[in-house]
Amino acid sequence: MSATGDDVRSFALSLPETTEQFQWGMPIFRVAGKLFLTLPEAETSMAVRCPIVERDELVRAEPDKFWIAAHEANNAWVRVRLAALDDLDELETIVRDSWQQAAPRHLVD
């Protein structure tokens with residue numbers, strides 16, 4: 001499967017109170033004003049929120065799919081290569097998880 005930035009955009013924008021902006025030279029997505037996803041590297045990857053412990057486990061388990069950008073090493077973010085995703089369900093799960101970490105409780109419930 002080869003997911004695209006448009007696949008990410010379409011799903012992210014379907015989530016409640018999500019907006020897209022352009023900042024730092026790339027599309028970024030916020031829920032209720034809080035950043036939860038970016039589309040760096042010419043939209044060939046996405047950066048999403050991920051607790052550091054889980055992030056490190058993902059990178060060790062699937063280094064061809066997940067990695068940590070140097071400037072995000074101390075933050076709860078992980079990069080995901082879109083071309084390495086198994087299917088759109090996996091993409092949606094990753095995006096939804098990141099959205100839920102940033103969204104206000106009333107949207108998640």
Side-chain angles (χ1 to χ4, degrees):
M1 192 234 157
S2 189
T4 67
D6 286 338
D7 294 326
V8 174
R9 179 177 286 104
S10 176
F11 183 71
L13 291 173
S14 76
L15 298 169
E17 294 189 35
T18 296
T19 59
E20 180 180 4
Q21 301 168 329
F22 195 82
Q23 194 170 359
W24 309 304
M26 71 185 107
I28 66 168
F29 298 83
R30 297 179 186 272
V31 55
K34 289 185 72 176
L35 184 66
F36 75 94
L37 185 144
T38 67
L39 280 172
E41 288 96 26
E43 298 188 17
T44 60
S45 70
M46 62 181 169
V48 294
R49 289 175 173 255
C50 185
I52 290 175
V53 172
E54 292 175 28
R55 174 196 74 179
D56 293 347
E57 290 174 10
L58 286 172
V59 171
R60 276 193 299 276
E62 297 184 82
D64 292 335
K65 188 180 294 185
F66 301 101
W67 87 100
I68 303 164
H71 68 280
E72 295 165 343
N74 295 320
N75 299 309
W77 287 82
V78 68
R79 299 283 176 108
V80 184
R81 290 176 181 86
L82 297 181
L85 293 171
D86 296 332
D87 53 34
L88 287 178
D89 287 341
E90 183 179 30
L91 180 146
E92 291 175 2
T93 297
I94 292 168
V95 171
R96 185 179 299 106
D97 286 350
S98 184
W99 179 87
Q100 288 175 333
Q101 291 176 58
R105 288 293 112 210
H106 74 274
L107 291 179
V108 175
D109 293 339

### Message
I'd like to check L37 versus F11 (side-chain heavy atoms, cut-off strictly below 4.5 Å). Are they in contact?
### Response
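Result no, sub-4.5 Å side-chain heavy-atom pair not found.
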
### Task
Answer whether the closest heavy-atom distance between the side chains of E92 and V95 falls below 4.5 Å.
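Contact flag for E92/V95 side chains = no.
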
Value rounded to 0.5 Å, distance of [atom1] in [X] from [atom2] in [Y]:
| X | Y | atom1 | atom2 | value |
| --- | --- | --- | --- | --- |
| D89 | I94 | CG | CD1 | 11.0 Å |
| F29 | L15 | CZ | CG | 10.5 Å |
| Q101 | L35 | CD | CG | 12.0 Å |
| W99 | E17 | CH2 | CD | 8.0 Å |
| W77 | H71 | CH2 | NE2 | 9.5 Å |
| E72 | C50 | CD | SG | 11.5 Å |

### Query
Any side chain to side chain donor-acceptor pair (under 3.5 Å) pairs touching residues 23-46, not counting sequence neighbours?
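Every side chain to side chain donor-acceptor pair (under 3.5 Å) pair that includes a residue of residues 23-46, provided the two are not neighbours, is R9-E43, Q21-R30, Q23-R30, E41-S45, E41-R79.
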
Given the rule that I, L, V, M, F, W and Y join up when any side-chain heavy atoms are under 4.5 Å apart, are [X] and [Y] in one cluster?
| X | Y | value |
| --- | --- | --- |
| V8 | L58 | yes |
| M26 | V48 | no |
| I28 | M46 | no |

Restricting to side-chain contact (heavy atoms from CB on, under 4.5 Å), what partner residues turn up for [X], sequence neighbours left out?
| X | result |
| --- | --- |
| D56 | I52, R60, I68 |
| D64 | none |
| P104 | V31, A32, H106, L107 |

### Task
Could you tell me whether the side chain of W67 and the main chain of R81 form a donor-acceptor pair under 3.5 Å?
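Not at all, since once roles are kept as given, no pair shorter than 3.5 Å links the two residues.
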
### Query
Any sub-3.5 Å donor-acceptor pair from T18's side-chain atoms to L13's backbone N or O?
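Pair absent, no side-chain N/O of T18 close to backbone of L13.
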
Mind listing the closest non-hydrogen atom pair of [X] and [Y] along with its distance?
| X | Y | answer |
| --- | --- | --- |
| P40 | A47 | CD-N, 4.0 Å |
| G5 | L82 | N-CD1, 3.8 Å |
| A73 | R55 | O-NH2, 3.0 Å |

### Pairs touching residues 96-109 that satisfy salt bridge (Lys or Arg N to Asp or Glu O under 4.0 Å), sequence neighbours left out
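Listed once each, the pairs would be none.
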
### Query
Just checking, is any N or O donor in the side chain of T4 or D7 under 3.5 Å from an acceptor N or O on the other one?
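The answer is yes; a qualifying pair exists.
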
### Query
Among all residues two or more places apart in sequence or in another chain, which pass the side chain to side chain donor-acceptor pair (under 3.5 Å) test with E62?
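Counting only residues at least two positions away or on another chain, E62 forms a side chain to side chain donor-acceptor pair (under 3.5 Å) with K65.
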
